[in-house]
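One structure below.
By convention here, the first residue in the shown sequence is residue 1.
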Amino acid sequence: MSTGFELFTDRNVVAMRVNGELRDLAATTTTTDTVEPVTLDSPDGLSILRHSAAHVTAQAVQSINPEAKLGIGPPITDGFYYDFDVVEPFTPEDLKGIEKAMDRIIRQGQRFVRRVVTEDEARAELADEPYKLELIGLKGHVGHGDGSTDDNEDVEVGGAELTIYENVDGKTGEVYWKDLCRGPHLPNTRMIGNGWALVRNAAAYWRGSEKNKQLQRIYGTAWATKDELREYQERQAEALKRDHRKLGQELDLFSFPDEIGSGLAVFHPKGGVVRAEIENYMRERLIANGYEQVYSPHITKGDLFMTSGHLQWYKEGMFPPMHLDEEKDDEGNITRQGVDYYLKPMNCPFHNLIFDARGRSYRELPLRLAEFGTVYRYEKSGTLSGLTRVRGMTQDDAHIYVTPEQVKGEIASQLEFVLETLRGYGLDDFYLELSTKDADNPKFLGDEKLWADATETLREVATESGLELVDDPGGAAFYGPKISVQARDAIGRTWQLSTVQLDFNQPERFKLQYTAADGTHQQPVMIHRALLGSIERFFAILLEHYAGAFPVWLSPVQVVGIPVAEAYDDYLRDVIGQLKAKGVRAELDDSSDRMAKKIRTQTKNKVPFQLIAGEEDKANGSVSFRFRDGHQENGIPIADAIARITDSIATHAQV
């Protein structure tokens, strides 16, 4: 038998996989085990690093405030967090003090030591930690009691046994601190190094439920090296500059009035222009690719969503019902039973009814129905985030009905359509994700063979596309597997955009049929296709991708004329008029501000083209182009200037 320390002498190895399972280096292995090293800079290594940093954060907090009660502390994308029950919320000054305490713990090189305990032993040792006591009995079946789960709790109690990790003095064996945890961890705290930092604090409900107490959460980040930390911090600083909530206010694009309610946006005139251009281009693409546009109402009787399965599997994400149509006599007796109506969370059931409104022939298939349909989802208030997570959203939804023989060809066609359209918006760095069912999760409806066939079809199409394909086990919708297009933006962040999903279940639940060539009635296959996801979220993604400096075709104002002096107002007004006649969104800045201030204002507004004119331009029938980056081209003939502007709009150019 050998430990990981004996098997791997490379200091960059921080853990190991034993027969596929992550283990500490202190664990023992046999000659029959399959053992692989886990390095610090690998995805698993970074996750272990971040989880270890979360433990040190909690240890530091309790060293400063022994009364703080521990929640959970999992690794997350690019970092970690830890939740605490404390009397007063953490302040920025508190975080500085916690960082100093963490630095001392890291420098001490305390060992992370794993110890298996019984449930009774765990309860005795953690008797003063009420949140840990709640988790102890859960073990491998973590849940919230309301049917929901939090995968992050798995770091505490996942697996068949309970374990406690102790932070121990490497020389004396003194135990400094301990936590209920599945692990694994780094060999010692010194290996956390100096590539870490605390980022911010926030409030968070215990186990993600608004019914539970609100705790205080500390977020941090950790990387293999200090240089990687700095690179991450630079990316975060750039992301902050691009935050769509900040840009939306600065550029007067949209807002979330308190009078309307959380997660419900209004688009201002300039934002309305951008949104309309996004939608108009989408409509052009739909028409060119054989779609037919439909419309459906915002509310419906609840029975429709019972048929579709949404009320059984998605009810928590829906707004409560409105009980309508009930009638009573003068004595208060019910003479007509009422009906529950729901705001729609999805458009697909309505499209099924449109398909079923009359008999369908195989000659009509593929039938492609598209709608910009506004849907409503009851997102928890703590999850709302600008336009990227809202309660009212407009989906560019489409549902395609095909024969079984048409499935693969249509999926391939839809994927090509999706990628070409996204490129038209200026996004061109993609990979694909294949979301499949979890065999142990009862939420997934339908026959196993149908799922297997659908999944294999999607995998074949995704592979043949030539794009990188990443598996997402358990990530499918309840009615079928899906391919999602993941797009990287200008600063390398990944956004899930388009989805193409196969659905054998809804056609069966709605008893949809078409007449086949042999005269028999057959069930169509349904393809769900969302290209932008939601208009609101896609608006936010583009706003951040371009940092507010949209390409000319999307810009709210495309051209502003700036006269050198008032005497040249009329000259530029005529130029602006010619541009407007060609559909260009052009304005003349004839305010009383000095020219320099006008230039600063329009640059701040991120207008693509500023046309400047003075005496020489007037004499020569020309203008000077000033661009967003500050450079200028002088003496451009008016006809050339107009052609240049209209061409940049037509070609979706960025300037």
Pair [X], [Y]: side-chain N/O donor-acceptor within cut-off below 3.5 Å:
| X | Y | value |
| --- | --- | --- |
| Ser296 | Glu371 | yes |
| Gln312 | Tyr314 | no |
| Thr374 | Thr394 | yes |
| Ser484 | Gln486 | yes |
| Glu161 | Thr163 | no |
| Trp495 | Asp489 | yes |
| Arg217 | Tyr219 | yes |

[atom1] of [X] to [atom2] of [Y]: how many Å apart, nearest 0.5 Å?
| X | Y | atom1 | atom2 | result |
| --- | --- | --- | --- | --- |
| Leu247 | Leu543 | CG | CG | 5.0 Å |
| Leu532 | Arg537 | CG | CZ | 10.5 Å |
| Ile527 | Leu367 | CD1 | CG | 11.5 Å |
| Arg242 | His244 | CZ | NE2 | 14.5 Å |
| Asn12 | Asp41 | CG | CG | 5.0 Å |
| Asp429 | Arg423 | CG | CZ | 10.5 Å |

When you check the gap from the basic side-chain N to the acidic O, do [X] and [Y] get nearer than 4.0 Å?
| X | Y | value |
| --- | --- | --- |
| Arg358 | Glu364 | yes |
| Lys511 | Asp356 | no |
| Arg245 | Asp243 | yes |
| Arg529 | Asp397 | no |
| Arg182 | Glu21 | no |
| Glu379 | Arg391 | no |
| Glu460 | Lys408 | yes |

Residue list, side chain to side chain donor-acceptor pair (under 3.5 Å) with His545, at least two apart or on another chain: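 Expected list: none.
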Counterpart residues, side chain to side chain donor-acceptor pair (under 3.5 Å), relative to Ser555 (two or more places apart):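 Residues passing side chain to side chain donor-acceptor pair (under 3.5 Å) with Ser555: none at all.
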Donor-acceptor contact below 3.5 Å, side chain [X] vs main chain [Y]:
| X | Y | value |
| --- | --- | --- |
| Arg509 | Met306 | yes |
| Gln654 | Ala549 | yes |
| Asp33 | Thr29 | no |
| Arg377 | Pro345 | yes |
| Ser385 | Thr388 | no |
| Ser308 | Phe305 | yes |
| Thr421 | Phe417 | yes |
| His652 | Gly424 | yes |
| Lys380 | Gly208 | yes |
| Ser47 | Pro43 | no |

Phe319 ring center within less than 6.0 Å of Tyr341 ring center: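 Not close enough - the centres of the two rings lie 6.0 Å or further apart.
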Ring centre gap for Tyr281 and Trp553 strictly below 6.0 Å: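 Here the rings of Trp553 and Tyr281 have centres that are less than 6.0 Å from each other.
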Close side-chain approach of Gln513 to Gln522, heavy-atom, < 4.5 Å: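 The answer is no; the side chains never approach within 4.5 Å.
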Show which side-chain atoms of residues 466-473 pair as donor or acceptor with protein atoms under 3.5 Å away, not counting sequence neighbours.
from	atom 1	to	atom 2	distance (Å)
Asp471	OD1	Arg459	NH1	3.2
Asp471	OD1	Arg459	NH2	3.2
Asp472	OD2	Ser435	OG	2.7

Side chain to side chain contact (heavy atoms under 4.5 Å, CB included) partner of Phe538, the single match among Asp396, Leu387, Leu422: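 Single pass found, and it is Leu422.
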For Ile400, the option from Gln414, Gln406, His351 that meets side chain to side chain contact (heavy atoms under 4.5 Å, CB included):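 Of the listed options, the one satisfying the test is Gln414.
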Residue pair Phe372, Tyr295: steps toward the ring pair (Phe, Tyr, Trp, His ring centres under 6.0 Å) verdict: CA-CA 8 Å; Phe372 288 104; Tyr295 296 88; 9.1 Å; no
Pro556 to Val274 - nearest heavy-atom pair and separation: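 Heavy-atom minimum between the residues: CG-CG2, 3.6 Å.
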Smallest separation among heavy atoms of Trp451 and Pro481, with atom names: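 Reported closest heavy-atom pair: CZ3-N, 3.4 Å.
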So is [X] actually on top of [Y]'s ring, under 6.0 Å and inside 45° of the axis?
| X | Y | answer |
| --- | --- | --- |
| Arg235 | Trp223 | yes |
| Arg360 | Phe355 | yes |
| Arg50 | Phe80 | no |
| Lys344 | Tyr376 | no |

Trace of the side-chain contact (heavy atoms from CB on, under 4.5 Å) decision for Glu433 with Ile483: CA-CA 6 Å; Glu433 192 170 80; Ile483 295 174; over 6 Å; no
Derivation of the side-chain contact (heavy atoms from CB on, under 4.5 Å) call for Glu292 and Leu286: CA-CA 8 Å; Glu292 298 176 75; Leu286 290 170; over 6 Å; no
side-chain contact (heavy atoms from CB on, under 4.5 Å) evaluation trace for Val500 with His528: CA-CA 6 Å; Val500 180; His528 301 248; over 6 Å; no
Parallel, tilted or perpendicular: ring planes of His51 versus His185, cut at 30 and 60 degrees: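 The rings of His51 and His185 sit tilted, inter-plane angle from 30° to 60°.
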